[in-house]
Q: 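Following this message is one structure expressed as structure tokens.
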Amino acid sequence: MTFKEIERYNPRVEEPRWQKVWDESQTFVARSDDPRDPYYVLEMFPYPSGRIHMGHVRNYTMGDVLARFMRAQGKNVLHPMGWDAFGLPAENAAMKNKVHPKGWTYENIATMRKQLKSIGLGLDWSREIATCDVAYYAQQQKLFLDFLKAGLVDRKRSKVNWDPVDMTVLANEQVIDGRGWRSGALVEQRELTQWFLKVSDFAEDLLGALDTLDRWPEKVRTMQRNWIGKSEGMRLLFALQPDARTAATSVEVFTTRPDTLFGASFVAISADHPLATELGAQDAGLADFILECRRIGTATAAIDKAEKLGRFTGLHVQHPLKPGATLPVYVANFVLMEYGAGAIFGCPAHDQRDLDFARRYDLPVTPVVLPDGADATSFEVGSEAYTGPGRIYNSEFLDGLDIDAAKREIARYFAARTVDGQPQGRIEVNYRLRDWGISRQRYWGCPIPVVHCETCGTIPVPDKDLPVVLPDDVTFDKPGNPLDHHPSWKHVNCPQCGGSAVRETDTMDTFVDSSWYFARFTEPNAPTPTVPAIVNRWLPVDQYIGGVEHAILHLLYSRFFTRAMHRTGHLNLDEPFKGLFTQGMVVHETYRDAAGEWLSPAEVTVSGGETRVARHSASGAAVEIGSIEKMSKSKKNVVDPDEIVATYGADTARWFMLSDSPPERDVQWTEAGIEGASRFLQRVWKLVAEARTLVGSAGTPDMSDDDTATIRRLVHKTIANVGGDIEGLRFNRAVAQIYELTNGLAKFLGLCDTAATPGRLAALNEGVRVLIQMVSPMMPHLAETCWAAFGETTLVTDAPWPKADPALLIESTLVIPVQVNGKRRGEISVPAGASRELVEKEVLSLDAVARMLNGSAPKKLIIVPDRIVNVVV
RNA sequence: GCGGGCGUGAUGGAAUGGUAGACAUACGGGACUUAAAAUCCCGAGGGUGUAAACCCGUGCGGGUUCGAGUCCCGCCGCCCGCACCA
């Protein structure tokens with residue numbers, strides 16, 4: 001039989017067929033009472049924006065390969081899917097297209113669910129949740145009330161980041177370069193009363209536990225460490241020289257370098273410091289300066305930040321260690337009110353910012369830390385502050401100490417003194433991490449379940465009145481929060497006194513929704529947020545996969561939520577994600593026509609070899625090939641998964657997404673790449689189809705036949721390697737191994753075709769079955785068709801992963817490279833585990849070696865058993 | 001500025017300190033075909049040479065080692081994150 005007579009594999013027929021089989025046999029439904037070892041694979045759930053994109057295909061395929069592999073390993077695999085379904089785009093769509101957010105969202109979900117099913121993901125759809133389901137957010141409200149009871153929720157007035165386009169509050173994390181992360185609008189500062197989750201209560205633990213997350217990328221851990229931003233320092237009180245303009249008698253500063261106090265030459269306070277505000281009210285010039293600082297602080301932070309500006313207040317403080325000496329007090333634009341005490345002392349010699357400031361305003365620069373080896377009389381600080389280690393000098397009782405010792409000495413000194421009746425100094429740990437403001441003035445989010453009563457204050461909604469359900473009849477014709485505009489929804493009776501009261505109309509930040517969905521998946525229909533016995537069995541997630549863009553926000557919030565749920569008894573662990581993997585993006589070339597308009601790949605035909613030329617398919621006009629960028633609608637460099645599945649099938653798309661590029665790196669979508677994947681799929685099918693006609697009744701492989709032994713060693717080596725590669729998420733390497741196996745089997749098949757023996761056919765049978773199994777997590781539909789073609793009546797999806805025969809992983813004869821002075825000059829063939837003597841004899845008899853030795857004996861002979869020989873001449 | 005990562009053929013990329021370039025893509029040659037596509041086979045880092053063989057080669061410069069893409073030191077370039085956090 002020749003290849004031509006075999007029909008091509010048709011994914012359009014085979015893929016829906018197997019999807020139906022898996023669906024009907026509930027192949028991927030996970031049971032919590034299954035006694036096998038649990039394994040939880042999770043990919044970050046999508047926002048239902050309308051359609052899936054190639055990034056989703058890549059992300060979910062990776063998770064699916066791992067999930068299917070772990071199933072084959074005999075694990076009880078949980079691999080669920082859901083929807084991060086609340087959020088602004090639904091409201092924007094409502095405003096733009098006059099559709100209801102709910103209808104819009106659920107329609108999108110239906111479309112995307114269908115798309116995800118079409119790529120053959122082994123998901124447990126019986127556990128599907130959408131965060132906008134009442135059943136989901138009802139439980140979220142319970143969690144909120146439990147957190148409230150446990151003291152993990154705060155309500156406070158605070159300056160917030162206000163997005164004037166989205167008309168809502170943003171968390172610090174959602175402000176990027178002074179702009180809203182979604183709208184891109186310049187963010188303004190406003191004072192509002194807000195609900196906060198007390199993330200900062202866990203700052204130390206969130207930081208410390210990062211060390212235990214050894215299956216997280218180091219990069220993500222570093223980012224979180226920086227975000228938490230721990231610094232250990234001191235609060236210090238400086239006594240103010242009496243002044244008629246203020247009643248204040250002291251200024252408190254925060255410093256991490258109390259050892260440099262003798263080098264202090266000024267004190268600077270933030271423009272938002274209460275003292276600045278007080279003085280500004282009496283000094284128009286200062287008031288202008290303060291306004292200017294605020295404007296620059298929010299609007300142009302990125303542009304002009306190098307400039308250190310300040311304004312002298314006219315006030316002085318006493319130097320706490322130098323009786324009689326005073327320091328001027330400035331308002332400075334580089335001092336932040338939100339951090340530390342909102343005030344600092346400046347030691348220009350040892351802090352670059354302070355030095356820039358001192359040079360600008362002609363303040364003294366006195367070095368007090370002497371670098372090791374430097375000369376005390378000649379050491380000077382020019383335009384660069386010295387921040388390194390050294391000995392303290394110019395500092396009276398601190399002289400000669402190292403920095404740490406001086407810090408301890410200062411702490412001891414000030415703890416014993418008082419200013420305004422308080423200790424003058426105390427050690428303090430500061431974190432950059434703030435509490436998490438979750439109030440959003442939006443409709444499409446989880447209502448915050450509290451009621452405001454004039455007489456009773458803020459009252460939690462009682463259990464019996466839960467859930468607080470979003471009203472359906474809302475309008476979007478006015479700016480602001482539709483819940484607030486609703487004629488009746490917010491008006492309720494106070495649960496405590498029965499008098500008239502109003503509901504909280506703020507809803508929760510959607511990051512709340514995604515902070516515990518992984519726990520909900522373990523028992524998605526429970527009448528409580530979790531069922532502890534079950535959630536504790538499944539969690540932590542063994543492998544979480546998603547984009548690195550969530551390295552800080554989502555992952556930090558989820559870690560906080562898990563701790564908060566632990567404290568409130570909903571589960572019994574602190575870290576939700578044992579393994580984390582951040583996959584790269586899908587990128588594509590960009591195309592522009594002569595007018596500079598972006599063109600989509602579908603509109604463009606690219607031809608040529610070395611020098612590629614692009615033309616507009618319809619008009620033939622020349623098209624410029626631009627840079628390779630992340631697929632995005634704005635640059636039109638997108639490829640639609642539906643079209644790819646329709647043209648090539650899901651398996652081809654999956655295979656291509658896993659080939660070539662390491663999963664953590666970006667992958668470039670190319671026509672040649674997807675074509676190559678498609679060719680390989682057909683090659684596997686032809687190999688299987690032809691092998692099927694040869695392989696008859698089972699025999700025993702004949703290991704005395706060299707070709708048989710070679711192919712069997714390849715087969716078993718592949719089993720051993722592919723499993724490890726999938727487990728380590730090195731899919732590109734697994735793919736390469738499978739290519740090698742396929743190439744080897746194709747050659748062996750040719751041999752069997754012309755010179756068949758029962759022993760060879762048995763080895764062919766074994767090899768092709770292994771190939772089908774190796775391929776099955778990645779191209780599951782093809783694998784099922786092949787498996788059935790090989791006479792199997794059960795699913796390959798249910799088949800246990802084959803085991804490599806250790807005896808076949810050991811080569812009996814080894815080819816060992818021989819180097820002379822580190823350069824490869826030849827090779828010898830010896831039995832595995834050959835003795836030193838034998839190897840030496842073989843090596844010395846090599847022509848190349850003899851030539852290099854030129855009659856003399858080698859200086860040294862390095863033999864690494866079974867690996868390499870190096871002759872030193 | 002600080003922190004992290006990465007520099008390997010035409011391209012994507014392989015390589016526990018042990019044969020650099022696996023595997024794939026593109027390319028070239030051949031077979032099949034009236035022809036093309038598809039498929040199959042072969043070739044290929046650069047250089048010298050008829051050949052055997054030899055020299056050079058993982059961003060650059062040093063070092064450690066019998067042996068360095070890999071480890072160390074110093075540069076250069078690119079990417080990502082954070083950024084007046086005292």
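When reading the values below, keep in mind they use all heavy atoms of this one structure, side chains included, and skip hydrogens, waters and symmetry mates. Every chain is numbered from 1 and lettered A, B, ... according to where its sequence line falls, protein lines coming before strand lines. Since this is a predicted model, take the numbers as computed values, not measurements.
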Q: Please check the phosphate of B:A53 (OP1 and OP2 only) for any side-chain N or O of A:Arg824 closer than 4.0 Å.
A: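 A:Arg824 to B:A53 OP1/OP2: no side-chain N or O under 4.0 Å.
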Q: Answer yes or no: side-chain N or O of A:Lys219 and base N or O of B:C80 forming a donor-acceptor pair under 3.5 Å.
A: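 Not at all, since no donor on one side and acceptor on the other fall under 3.5 Å apart.
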Q: Using the C1' atoms only, state how far B:C42 lies from B:A52, rounded to an integer number of Å.
A: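 Each nucleotide's C1' atom is 23 Å from the other's.
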Q: Contact class for A:Asp354 (heavy atom, under 4.0 Å): base, sugar-phosphate, or nothing?
A: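 Result for A:Asp354 = nothing.
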Q: Toward the 5' end of RNA chain B, which comes first, A:Glu827 or A:Thr222, by nearest nucleotide?
A: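 Nearest nucleotide further toward 5': that of A:Thr222.
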Q: Heavy atoms under 4.0 Å, any strand shown: does A:Val335 hit a base, just sugar-phosphate, or nothing?
A: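 It contacts base atoms.
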Q: Classify the side chain of A:Asn226 and the base of B:C82 as holding, or not holding, a donor-acceptor pair under 3.5 Å.
A: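 Between B:C82 and A:Asn226, which were checked side chain against base, a qualifying N/O pair under 3.5 Å is absent.
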Q: Pick the C1' atom in B:G28 and in B:C60, then give their distance to the nearest Å.
A: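 Result for the C1' pair: 34 Å, nearest Å.
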Q: Less than 3.5 Å apart, which donor and acceptor atoms pair up between the side chains of residues 717-724 of chain A and the rest of the protein, not counting sequence neighbours?
A:
| residue | atom | partner | partner atom | Å |
| --- | --- | --- | --- | --- |
| A:Thr718 | OG1 | A:Leu714 | O | 2.7 |
| A:Asn721 | ND2 | A:Gln737 | OE1 | 3.4 |

Q: Please state the P separation for the pair B:A37 and B:G69 - nearest whole angstrom.
A: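 To the nearest whole Å, 42 Å.
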Q: To the nearest Å, how far apart are A:Lys747 NZ and B:C23 P?
A: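 The answer, rounded to whole Å, is 10 Å.
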Q: Quantified in whole Å, what is the C1' atom distance between nucleotide B:G43 and nucleotide B:A26?
A: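 Result for the C1' pair: 14 Å, nearest Å.
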Q: Taking for each residue the nucleotide of RNA chain B bearing the nearest heavy atom, is the 5' side occupied by A:Val871 or by A:Ser659?
A: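 Going by which nucleotide is closer to the 5' end, it is A:Ser659.
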Q: Mind checking what makes salt bridge (Lys or Arg N to Asp or Glu O under 4.0 Å) contact with A:Asp214, not counting sequence neighbours?
A: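 Testing A:Asp214 for salt bridge (Lys or Arg N to Asp or Glu O under 4.0 Å), a comparison that skips the adjacent residues, returns none.
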Q: Please tell me if A:Arg235 has a side-chain N or O lying less than 4.0 Å from either OP1 or OP2 of B:A86.
A: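 For A:Arg235, the contact criterion (side-chain N or O under 4.0 Å from OP1 or OP2 of B:A86) is not met.
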Q: How long is the straight-line distance from CE of A:Met779 back to CZ of A:Arg654, given to the nearest 0.5 Å?
A: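 Taking CZ in A:Arg654 and CE in A:Met779, the distance rounds to 10.0 Å.
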Q: Look at the side chain of A:Arg867 against the base of B:U16 and say whether a donor-acceptor pair falls under 3.5 Å; ignore hydrogens and angles.
A: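 Side chain to base: pair found, below 3.5 Å.
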Q: Which whole number of Å gives the distance between the C1' atom of B:A51 and that of B:A14?
A: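 After rounding to an integer number of Å, I get 33 Å for this pair.
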Q: Can you run through RNA chain B from 5' to 3' and write each base as (, ), [, ], | or . depending on how it pairs? Watson-Crick or G-U wobble, both distances under 3.5 Å.
A: (((((((..(((.....[....))).(((((.......))))).((((....))))..(((((..]....))))))))))))....
Q: C1' atom, B:C27 versus B:G12: distance in rounded Å?
A: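 Rounded to whole Å, the distance is 15 Å.
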